[in-house]
S.K.: 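Below: one structure in structure tokens.
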Amino acid sequence: MIRPAMTATQTTTAAVMHAAGAPLEVREITVEPPRRGEVLVRMAASGVCHSDLHTLDGIQPFPVPVILGHEGAGIVEAVGPEVSGLRAGDHVMLSWVPYCGGCRMCAQGRPNLCEELAWSDAGTMMDGSVRFHADGAPVHHYTTSSFSGLSVVPAQSCIPVADDLPLDELALMGCAVMTGFGAVLNTARVRPGERVAVIGCGGVGLNVIQAAVVAGATTIVAVDVSERALDLAVELGATATVRASGAEAEAAIRRHAGGAVDCAFEALGRRETIELALAVAGRGGQTVLIGMAAPGERASIDPLAITLEERVVRGSWYGSCRPIVDFPVLVDLYRAGRIRLGAMTEPIGLRDINRAFDLLRSGRAGRSVVVF
Ligand SMILES: [Zn+2]
Ligand SMILES: [Zn+2]
């Protein structure tokens, strides 16, 4: 049998988004070989994340057609020119924020805020072109486009990992775990003994809870309206749960925490839960906004309390992630059993992807993971 050359265009199956609100089409596409600084990855698994849903539902506009998915892990199939440190057969986790390494933010050690990513926002690779086509027409990239059996990604998005670990669980490292752990360990720097509230216990919120345990928080109040999400929260280390919203939730958080909390994490991006997270953080406390609000959304603050009590409101984008520094730490914690992912994941096939989005819309707890 003659194997096709690595440099040839290949075909694969991918879930293609054609328009906001329309179901994804699972179909055959072609994938061009990787160019300079790029890597072709055979996807093993991809989580289905709220950010994908935001784009699919048109809340975050993005060029179409596009292959969504940004929480993947897989095996390097081929590397393009000028790629070092990676070769075919390497197992990799995929980070969805590429970075240039040379801008002001990168130079400050904040590559998650890289200023040179206009190409990524435009749905292309670094050189402004695309590697995906369907019936000869170009299809856009969505960071790592992990809803495709084969994807071309920037080399900086590939984090090599030992090949004895299960790729279907490692996929979650690329978004939910990095975002949640980074928010606690990098952005907020939670200290031992602190009291924490976690509002929204989806894939990210559950990882905020696991990270708060690692950081030594002694009170971890999980807030959600889903009973199953709260069951998972307790399994992963929450010390109390609140199944409520609004003023009722605020009173319950204070009751469980013995007052205001040191750090309130918001993982939904909704006005009322943002205002709840602002309300329950106390003197010298922090409110960390992780959830992505819709563009133009506004929430009200109490500026006098912020001044008098030196409260801090922070955004956390991709867990203030520095991929080279942070992913190996996550893998060590995972090996040590301090990051548990099995309980929160449900494997599905790529053809079930639209059902997975329906479940996400319904607020169902846990993470659907496409296994290729
Ligand atoms: Zn995500
Ligand atoms: Zn940069």
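Heads up: numbering here begins at 1 and tracks the sequence. Values in this document were obtained by computation on a predicted structure and should not be read as measured data. Indexing begins at 1, ligand by ligand and atom by atom, following the structure's order.
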S.K.: Nearest 0.5 Å please: distance from the CG atom of N186 over to the CZ atom of R110.
M.R.: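 Interatomic distance, N186 CG to R110 CZ, rounded to 0.5 Å: 10.5 Å.
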
S.K.: Does a side chain donor of either S320 or T187 reach within less than 3.5 Å of an acceptor in the other side chain?
M.R.: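 Side-chain D/A pair, S320 to T187: present.
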
S.K.: Can you see whether S146 engages E71 through a side-chain donor-acceptor pair at a distance of less than 3.5 angstrom?
M.R.: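 Note: S146 and E71 side chains miss the donor-acceptor criterion.
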
S.K.: Testing V92, T143, L94 one by one against V153 for a side-chain contact (heavy atoms from CB on, under 4.5 Å), which residue passes?
M.R.: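 That would be L94; it is the only one of V92, T143, L94 passing the side-chain contact (heavy atoms from CB on, under 4.5 Å) with V153.
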
S.K.: Classify the angle between the aromatic ring planes of W96 and W317 as parallel (below 30°), tilted (30 to 60°) or perpendicular (above 60°).
M.R.: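 Rings of W96 and W317: perpendicular, as their planes differ by over 60°.
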
S.K.: By residue and atom, what protein N/O/S atoms are less than 2.8 Å from the Zn ion (ligand 1)?
M.R.: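 Near the Zn ion (ligand 1), the protein supplies C49 SG, H70 NE2, C175 SG.
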
S.K.: Is it the case that the side chains of T273 and E266 hold a donor-acceptor pair, with the cut-off being a distance below 3.5 Å and no angle test?
M.R.: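 There is such a pair (donor and acceptor under 3.5 Å, judged by atom type) between the side chains of E266 and T273.
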
S.K.: Ignoring water, what protein N, O or S atoms are under 2.8 Å from the Zn ion (ligand 2)?
M.R.: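 Less than 2.8 Å away from the Zn ion (ligand 2) sit C100 SG, C103 SG, C106 SG, C114 SG.
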
S.K.: Does a donor on one side chain sit under 3.5 Å from an acceptor on the other, for S129 and D127?
M.R.: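 Short answer, yes.
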
S.K.: Checking Y334 against E169: is there a side-chain donor and acceptor pair closer than 3.5 Å?
M.R.: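 Checked: E169/Y334 side chains pair up, N/O donor to acceptor below 3.5 Å.
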
S.K.: Can V97 be reached from L185 by stepping across I, L, V, M, F, W or Y side chains whose heavy atoms are under 4.5 Å apart?
M.R.: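 In one cluster: yes.
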
